Amino acid sequence: MSRPEELAPPEVFYNDTESFKYTSSTRVQHIQAKMTLRALELLNLEPDTPHFILDLGCGSGLSGEILTEEGYNWVGLDISPSMLATGLDRDVEGDLFLADLGNGVPFRAGTFDAAISISAIQWLCNADTAGVDPKKRLLTFFNTLYASLKRGGKFVAQFYPMNDSQTESIMGAAKVAGFGGGLVIDDPESKRHKKYYLVLTAGMSDRQINLAGAEMDAPQQTDRKMNKKLKRKLENKKEFINRKKETMRRRGKKVAEDSKFTGRKRRPRF
Amino acid sequence: MKFLTTNFVQCAVKSCHSSLTSFPLQYEECQLVQQEQDYNPEFIVHMLERLDWNAIVQVAKDLGNESLPANKPEDLDPIMEDSQAVLRDLHTLLVETQIVEGKMVCKNCGHIYYIKNSIPNFLLPPHLAN
């Protein structure tokens with residue numbers, strides 16, 4: 001299936017039918033709820049205290065409903081009028097704004113305790129109209145977001161990067177804006193269920209981000225790959241022959257028996 | 001849009017961020033609606049410290065309410081009996097009062113943001129986009 005990001009700009013792609021389809025699909029609802037709860041877990045906000053949260057790319061408020069359930073007050077931003085209209089129909093609690101994230105977050109400094117974004121910021125990597133620079137839009141977005149969070153405010157964003165360079169440009173822009181933090185990858189082995197979470201803090205926070213359950217998987221995986229290659233380089237002739245024989249045996253081929261002479265050089269008789 | 005949000009929203013144009021006159025936005029021709037919401041005194045107290053009270057008074061004046069005190073109410077405690085009345089009033093004003101239709105004007109650049117169906121439109125025309 002092709003990515004919606006490649007088809008049309010978000011405000012065009014999420015038209016009335018697409019918004020309805022998206023919001024009424026129980027599968028999407030389930031995934032969105034799961035990702036929102038995971039994002040909140042990563043945020044690690046103090047329990048039992050009220051928080052004012054910004055939901056970037058809130059769409060029809062699927063993630064916002066979870067926020068309301070968890071007892072947070074929130075404000076949502078989205079670029080698609082149809083999605084917001086669907087949100088209005090669903091009577092969500094938070095305030096909805098029609099805004100383009102690439103033009104910045106229109107709130108004054110220190111407004112929010114935290115911000116989340118579910119499946120949205122990868123849209124910022126696209127240039128949909130002429131004369132638009134995705135890099136600049138990302139930077140404007142992160143700069144204004146940094147300002148609108150209170151000191152020590154946290155931001156967790158789940159997103160679907162198309163490739164590594166998108167991840168890099170997003171993280172680069174966040175770093176330039178002053179955020180600290182990094183990337184958490186859930187289910188790194190599964191291509192289908194792999195989820196990227198950008199976890200950022202604006203300044204020092206009293207409560208650290210909750211990284212329990214997040215494994216440092218990405219470097220380990222590359223380690224293993226390197227090991228396999230390195231092993232092959234390091235193995236001697238006998239090991240090489242035995243490895244090849246083993247694969248042939250697995251394929252059901254007839255292979256000479258292993259003996260102490262395997263892989264030995266034939267010496268000249270005299 | 002809740003009244004509370006008016007205290008945080010500012011003009012999206014970059015050059016207006018540094019201007020003193022750009023916040024708060026000026027509210028015109030607004031239709032208000034009272035919508036009942038769950039009363040959460042802890043949230044009100046939590047938000048109170050980051051409210052710009054002058055802006056609250058200013059916006060309330062725009063919307064036709066001139067009866068607000070000039071100074072921010074302080075030392076409120078969600079548990080204490082005697083601050084309940086003030087907190088109730090604040091809850092009614094900040095959370096339950098919603099702007100359904102209207103205009104917001106930036107006093108610096110003069111751009112008009114329209115509110116329709118209680119959703120403010122913050123999309124910028126290309127010449128103002130950052």
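Numbered from 1 within each chain, the chains take letters A, B, ... in sequence-line order. None of these values were measured; they are calculated from a predicted model.
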Heavy-atom cut-off 4.5 Å, strictly under: side chain, backbone, both or neither for L84(A) against chain B? both
What part of Q37(B) is in contact with chain A, defined as an atom under 4.5 angstrom from a non-hydrogen atom: side chain, backbone, both or neither? side chain
Interchain contact, E11(A) with chain B, by part (heavy-atom threshold 4.5 Å): neither
Carboxylate-amine/guanidinium proximity below 4.0 Å for K61(B) and E66(B): no
Out of V45(B), V95(B), D38(B), N117(B), which one racks up the most heavy-atom pairs below 4.5 Å with chain A? N117(B)
T49(A) versus chain B, the contacting section by heavy-atom distance below 4.5 Å: neither
Comparing D52(B), I115(B), N40(B), L4(B) against chain A, the one with the most heavy-atom pairs below 4.5 Å turns out to be D52(B)
Steps toward side-chain hydrogen bond (donor to acceptor under 3.5 Å, both in side chains) verdict (S19(B), T21(B)): CA-CA 6 Å; S19(B) 152; T21(B) 50; 3.0 Å; yes
Indicate yes or no: does D113(A) engage R50(B) in a salt bridge with an N to O separation below 4.0 Å. yes
For chain A, which candidate among F8(B), Y113(B), F23(B), F122(B) shows the most heavy-atom pairs at distances under 4.5 Å? F8(B)
Is any side-chain N of the basic residue among E65(A) and R90(A) closer than 4.0 Å to the acidic one's carboxylate O? yes
Would you say the side chains of Q58(B) and Y27(B) form a donor-acceptor pair under 3.5 Å? no
Please determine, among V105(A), V75(A), D100(A), L88(A), the option with the most heavy-atom pairs under 4.5 Å with chain B. L88(A)
Which one of F43(B), F3(B), Y39(B) satisfies the ring pair (Phe, Tyr, Trp, His ring centres under 6.0 Å) criterion with H91(B)? Y39(B)
Using heavy-atom distances under 4.5 Å, tell me whether N7(B) contacts chain A through its side chain, its backbone, both, or neither. both
With chain B as the partner, which of G110(A), A99(A), A85(A) has the greatest number of non-hydrogen pairs under 4.5 Å? A99(A)
Could you tell me if the ring centre of F97(A) sits under 6.0 Å from that of F107(A)? yes
